[in-house]
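Working notes for the structure below.
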Amino acid sequence: MEKYSLKTGLREQTILKDVYFTPPFNLVEVRENKKNPLLEMMVMSSSPGILNDDFYDINIEVIDGSSLNLQTQSYQRIYVSDKGTNQQMNISVGDRAYFSHVPHPVVPHKGARYTAKSTINLKKSSTFLWSDILTCGRKFMGKGELFQFKKHHAITEIYQEDVLIFKDNLYIVPEKINLKDFGQYEEYTHQGSLFFIVPETDVTERMVHISNRLSKEEGISYGISKLLDNAYILRILGNEGQQLYKLFTEIRLAEDKLINQRVSIN
């Protein structure tokens, strides 16, 4: 089992209080300005990707009043895996705390089998931004490896005060379904989703701003829905992982900036 865990702390701003990792992981702080109230961490790995029979165990605790952005170093590759590969991620975000995570796209290679479970626990006053992007595989490898992985199953559950407010169950077995059919991927090869929740704030204005921005972007289809008065889910279909990652990062940076301003005022 490969694992990493981190817990934030508070001094004059958010600090890294506890950290633990096993190979191939390494966690490094990438916050350039130490006076920045937002702690920025990057997950690095010496492995080329998730290998056969790997099990990643990840635990993150963002304590009350702290703010954390967790970044990834590169695309997450999932290799041929007869026994399958697994990832389990548990996240806790405290009162008046903020956590954002926009990882690079996942690239399942031909023959890959992958199962992931992410469980997030929030408080009423937590602010949380989370995204994921799934590619079709190694699109430009030789003749291409479009949807030649065996299975991709990713479950995300988000709880607020122990009440389930959002569940995403992405289950794709390309051998059993034609992903080019109407209502599936159709002409697209990549999909991404982004969830955002902020306390005591109507997200309508944010949604309108995002929709106006995406309407000018070529090569994508998207939809944005309000889940609660203070929460939305954005889904995008496209053909380039970097394009989707750039769009999600743009949204994340805007929210990070607002959080920094709010913390500075307080």
Side-chain angles (χ1 to χ4, degrees), residues 38 41 43 58-62 67-72 76 87-106 116-135 152-172 190-214 217 220-238 241 243-259 262:
L38 176 69
M41 299 292 299
V43 182
I58 302 166
N59 294 277
I60 298 166
E61 182 180 356
V62 186
S67 54
L68 170 68
N69 165 244
L70 181 64
Q71 304 173 23
T72 55
Q76 178 171 279
Q87 177 172 295
Q88 176 177 289
M89 195 169 192
N90 293 290
I91 300 169
S92 173
V93 185
D95 285 317
R96 307 174 314 285
Y98 172 66
F99 178 63
S100 62
H101 183 47
V102 176
H104 284 79
V106 174
K117 175 71 179 292
S118 300
T119 304
I120 298 101
N121 289 284
L122 309 175
K123 298 294 185 180
K124 278 283 187 180
S125 58
S126 302
T127 303
F128 178 73
L129 188 150
W130 168 274
S131 78
D132 62 79
I133 300 169
L134 175 64
T135 74
H152 185 92
H153 190 190
I155 300 173
T156 302
E157 294 180 343
I158 300 176
Y159 295 84
Q160 186 180 66
E161 303 290 356
D162 299 322
V163 176
L164 182 66
I165 60 171
F166 176 73
K167 181 172 182 177
D168 192 28
N169 189 354
L170 178 62
Y171 184 75
I172 300 178
H190 296 56
Q191 72 151 301
S193 62
L194 184 147
F195 174 92
F196 178 73
I197 187 168
V198 59
E200 301 177 351
T201 304
D202 192 308
V203 295
T204 300
E205 186 175 338
R206 281 176 165 89
M207 293 170 63
V208 171
H209 176 77
I210 291 170
S211 185
N212 289 338
R213 166 66 180 89
L214 295 180
E217 191 77 16
I220 65 169
S221 289
Y222 71 93
I224 186 167
S225 303
K226 181 182 283 190
L227 296 176
L228 302 167
D229 287 342
N230 63 330
Y232 68 76
I233 179 73
L234 168 66
R235 298 192 188 278
I236 304 180
L237 289 171
Q243 181 185 26
L244 270 59
Y245 177 69
K246 181 180 178 181
L247 291 171
F248 285 171
T249 300
E250 184 179 311
I251 295 171
R252 190 267 295 175
L253 288 172
E255 295 301 339
D256 286 355
K257 184 178 181 180
L258 288 174
I259 290 297
R262 188 181 72 188

Are V62 and Y98 close enough, and set up right, to give a side chain to side chain contact (heavy atoms under 4.5 Å, CB included), and what steps lead you there? CA-CA 7 Å; V62 186; Y98 172 66; over 6 Å; no
Hey, which of L234, I165, T156 is the one that makes side-chain contact (heavy atoms from CB on, under 4.5 Å) with F195? I165
side-chain contact (heavy atoms from CB on, under 4.5 Å) partner of T127, chosen from L122, V198, L258: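 Result: among L122, V198, L258, V198 is the only option passing the side-chain contact (heavy atoms from CB on, under 4.5 Å) with T127.
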Applying salt bridge (Lys or Arg N to Asp or Glu O under 4.0 Å), can you list everything that pairs with K117, at least two apart in sequence or on another chain? E157
Set of residues satisfying salt bridge (Lys or Arg N to Asp or Glu O under 4.0 Å) with respect to D256, sequence neighbours excluded: R252
Using atom types as modelled and distance alone, determine if a side-chain donor or acceptor of [X] lies under 3.5 Å from a backbone N or O of [Y].
| X | Y | value |
| --- | --- | --- |
| S125 | R96 | yes |
| S126 | K124 | no |
| S211 | M207 | no |

Does the side chain of [X] reach to within under 4.5 Å of the side chain of [Y], using non-hydrogen atoms?
| X | Y | answer |
| --- | --- | --- |
| I58 | Q87 | yes |
| L129 | V102 | yes |
| I133 | Q191 | no |
| L164 | I158 | no |

Pairing residues for N169 by the side-chain contact (heavy atoms from CB on, under 4.5 Å) criterion, not counting sequence neighbours: H153, I155, Y171
How would you list, by chain and number, every residue that makes a side-chain contact (heavy atoms from CB on, under 4.5 Å) with H101, sequence neighbours excluded? L70, T72, M89, F99, P103, W130
Excluding sequence neighbours, so at least two apart, what forms side-chain hydrogen bond (donor to acceptor under 3.5 Å, both in side chains) with E217? R213, Q243
Does the side-chain hydrogen bond (donor to acceptor under 3.5 Å, both in side chains) test come out yes or no for N59 and E61, once each step is laid out? CA-CA 7 Å; N59 294 277; E61 182 180 356; over 6 Å; no
If you round to the nearest 0.5 Å, how far is CZ of F248 from CG of L253? 13.5 Å
For the atom pair CG (N69) and CD (E255), what is the distance rounded to the nearest 0.5 Å?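 One gets 12.0 Å once the value is rounded to the nearest 0.5 Å.
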What is the minimum heavy-atom distance between [X] and [Y], and which atoms define it?
| X | Y | result |
| --- | --- | --- |
| L244 | G238 | CD1-CA, 4.1 Å |
| S193 | I233 | CB-CD1, 4.3 Å |
| P199 | N230 | CA-ND2, 4.0 Å |
| Y222 | I236 | CB-CG1, 4.0 Å |

Residue pairs, two or more places apart or on separate chains, that pass salt bridge (Lys or Arg N to Asp or Glu O under 4.0 Å) and touch residues 220-238: D168-R235, D202-K226
I'd like to know whether CD of E161 has more than 12 heavy-atom contacts from other residues, nucleotides or ligands below 6.0 angstrom. yes
Side chains of N121 and S92, donor plus acceptor under 3.5 Å: no
